Amino acid sequence: MQRRSLIMLEAEATNSPLYVRAATYLGLRPVILSADPSRYDYLIAANCEAIRVDTSNIEAMISACTKFSSTTTIAGITSAQESVYPAVGKLCKYFSLPGPQAAAVERCCDKFVQRQILAAADIPVPTYGLAANATEAERCAAEIGFPVVVKPATGIGSMGVRLCRDVVELAEHTASLLGEHQIRRSPSRILVEQFANGDHYTVEMVGGDVIGIGAADFGRPPHFVCREYVYPALLDDEQRMRIVDVSQSCLRALGLDWGPTNIDLRLTKGGPVVIEVNPRLAALPNSELIRFAYGIDPVLEHIKLAIGKECRLRPSASNTAAARVLVADRDGTLNWIQGDRRAKAIPGVADVKLFIKPNTSIVRKGDCRDRIGYVIAVSRNPAQAIAALERATELIKWSITPSSVLANT
């Protein structure tokens with residue numbers, strides 16, 4: 001019997017190895033379409049086939065998939081990566097496979113367009129403005145009032161996102177963003193928005209169903225690098241109801257009625273304020289936290305949808321799953337990192353992942369790229385999960401030779 005294949009577009013997102021694992025578990029043959037497959041070292045260990053193709057060219061991908069389908073059955077097409085997810089929708093439509101609506105995903109990926117749609121639907125979002133240059137950014141900030149959050153109109157992982165508390169910080173960050181856009185030769189579009197003050201929550205959804213709500217704790221401003229997640233978040237019934245209601249309203253407004261979605265919001269004194277809707281699963285460790293907390297594997301269920309099978313969203317567990325994200329404390333070169341084995345041995349610790357190895361150069365960006373690993377702890381008792389997380393995290397140590405020292409040697 002011919003083995004069916006799951007086509008995946010690119011594979012650099014942190015969830016991509018989980019998709020390869022889940023596809024294999026379902027008896028599917030994972031096949032990666034990538035402009036440069038050599039970037040993904042884990043594909044070799046996973047015995048995963050890769051096809052080199054320009055993933056920015058829809059016609060080229062249609063041609064590659066058509067040729068590939070002559071020797072095997074394509075069961076589904078998907079990706080864990082937001083940048084190519086609109087193309088997933090187009091390919092699924094072309095090959096009559098289940099998938100997202102490309103137009104809805106494209107609207108969602110543009111943060112300014114997303115803001116416009118949500119605001120028009122009377123969904124609470126921060127006051128915002130769009131700027132193409134430093135003068136416009138300053139005008140937007142003056143109208144909104146400091147502090148403001150400044151970010152690229154498109155992007156993921158908090159890249160380029162910064163809290164600006166005054167005109168000086170605004171000018172500095174705007175110049176940085178405009179410089180990056182000029183290097184990439186792409187249009188300069190900067191979103192300037194009000195800082196919504198309140199606890200941060202992340203909502204994981206499939207279709208219109210909320211499968212989990214987690215509390216997210218960020219590090220100190222001006223950057224937004226999450227340091228800890230806890231699922232489920234400790235909410236009263238009214239708070240949870242309001243978060244679920246606004247989350248479902250977002251999907252209706254944006255037309256995201258298929259597949260996984262991640263929504264970031266802040267619970268302010270006036271209620272939930274939507275920070276961002278992402279037409280994909282949240283990055284690691286959130287997918288694993290959902291699995292440990294509720295017994296629902298969102299990656300596995302997404303693949304089931306992509307191949308036309310019914311997914312299972314009913315919780316089969318009732319745990320607290322918490323993650324501490326490890327972030328480097330300085331720029332430089334990593335000399336050593338250790339303690340992960342001892343951390344894994346702590347009762348209640350479910351997973352420890354380190355993303356870097358000795359002799360790695362570290363340049364902090366103030367976004368998701370600063371993560372060097374994470375620890376996950378799980379327990380039926382929330383206090384025990386947090387205690388295990390604390391004990392395990394304390395065991396992981398590292399040494400970094402600062403860049404200033406390296407420069408003088």
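No experiment lies behind these values; they were computed from the predicted model shown. The first residue in the sequence is number 1, and the count goes up from there.
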So, taking the atom named [atom1] in [X] and the one named [atom2] in [Y], what distance separates them when rounded to the nearest 0.5 Å?
| X | Y | atom1 | atom2 | result |
| --- | --- | --- | --- | --- |
| I400 | S361 | CD1 | OG | 10.0 Å |
| C164 | E138 | SG | CD | 11.5 Å |
| C65 | Y94 | SG | OH | 10.0 Å |
| I211 | I290 | CD1 | CD1 | 5.0 Å |
| L163 | L170 | CG | CG | 11.0 Å |
| L235 | R242 | CG | CZ | 12.0 Å |

Of all heavy-atom pairs between [X] and [Y], which one has the smallest distance, and what is that distance?
| X | Y | result |
| --- | --- | --- |
| C108 | V277 | SG-O, 3.1 Å |
| V149 | V161 | CG1-CG1, 3.7 Å |
| H223 | G366 | CB-O, 3.4 Å |
| P152 | G160 | CD-O, 3.5 Å |
| V192 | C140 | CB-CB, 3.9 Å |
| A233 | A215 | CB-N, 3.6 Å |

So [Y] and [X], do their side chains get closer than 4.5 Å, heavy atoms only?
| X | Y | result |
| --- | --- | --- |
| L267 | P272 | yes |
| D370 | K365 | yes |
| N197 | T268 | no |
| L9 | Q81 | no |
| C250 | V274 | yes |
| E301 | P298 | no |
| I372 | L354 | no |
| Y231 | F292 | no |

Start with the C-alpha gap between L130 and R189, add the side-chain angles, then the distance that decides, and say whether side-chain contact (heavy atoms from CB on, under 4.5 Å) holds. CA-CA 7 Å; L130 187 69; R189 298 170 66 246; 4.2 Å; yes
Verify, without hydrogens or angle tests, whether [X] (side chain) and [Y] (backbone) share a donor-acceptor contact under 3.5 angstrom.
| X | Y | result |
| --- | --- | --- |
| S287 | L284 | no |
| D166 | V168 | yes |
| T66 | I62 | yes |
| R4 | I74 | no |
| D297 | V299 | yes |
| S316 | G295 | yes |
| T393 | E390 | no |
| N278 | R280 | no |
| N335 | W398 | no |
| K111 | G155 | yes |

Less than 4.0 angstrom from a charged side-chain N to a carboxylate O is my criterion; do [X] and [Y] meet it?
| X | Y | answer |
| --- | --- | --- |
| R266 | D199 | no |
| R364 | D331 | yes |
| K90 | E106 | yes |

Run the side-chain hydrogen bond (donor to acceptor under 3.5 Å, both in side chains) test on Q116 and Y128 for me, step by step, so that the C-alpha distance in whole Å, both residues' side-chain angles and the decisive distance to 0.1 Å come before the verdict. CA-CA 9 Å; Q116 288 181 306; Y128 64 95; 5.2 Å; no
Would you sort out whether E193 and R115 count as a salt bridge (Lys or Arg N to Asp or Glu O under 4.0 Å), showing the intermediate values? CA-CA 10 Å; E193 62 185 36; R115 283 273 182 271; 2.9 Å; yes
Any chance you could lay out the salt bridge (Lys or Arg N to Asp or Glu O under 4.0 Å) test for K353 and E288, step after step, and finish with the verdict? CA-CA 12 Å; K353 283 283 192 302; E288 293 290 76; 5.9 Å; no
Has Y25 got more than 12 heavy atoms of other residues, nucleotides or ligands less than 6.0 Å from its OH? no
Crowded around R227 CZ? As in, over 12 foreign heavy atoms under 6.0 Å? yes
Would Q239 and Y201 satisfy side-chain hydrogen bond (donor to acceptor under 3.5 Å, both in side chains), going step by step from the backbone distance to the final call? CA-CA 11 Å; Q239 290 172 326; Y201 296 94; 5.5 Å; no
Verify side-chain contact (heavy atoms from CB on, under 4.5 Å) between I386 and V230, making sure each step is shown before the conclusion. CA-CA 9 Å; I386 298 300; V230 179; 4.0 Å; yes
For L389 and E228: C-alpha separation, side-chain torsions, deciding distance, then whether side-chain contact (heavy atoms from CB on, under 4.5 Å) applies. CA-CA 10 Å; L389 193 65; E228 187 169 295; 4.0 Å; yes
side-chain contact (heavy atoms from CB on, under 4.5 Å) evaluation trace for Y85 with T78: CA-CA 7 Å; Y85 207 52; T78 192; 4.2 Å; yes
T24 and R21: side-chain hydrogen bond (donor to acceptor under 3.5 Å, both in side chains), yes or no, with the steps? CA-CA 5 Å; T24 303; R21 181 185 72 185; over 6 Å; no
Under the side-chain contact (heavy atoms from CB on, under 4.5 Å) test against I263, which residue among T202, L251, V246 passes? L251
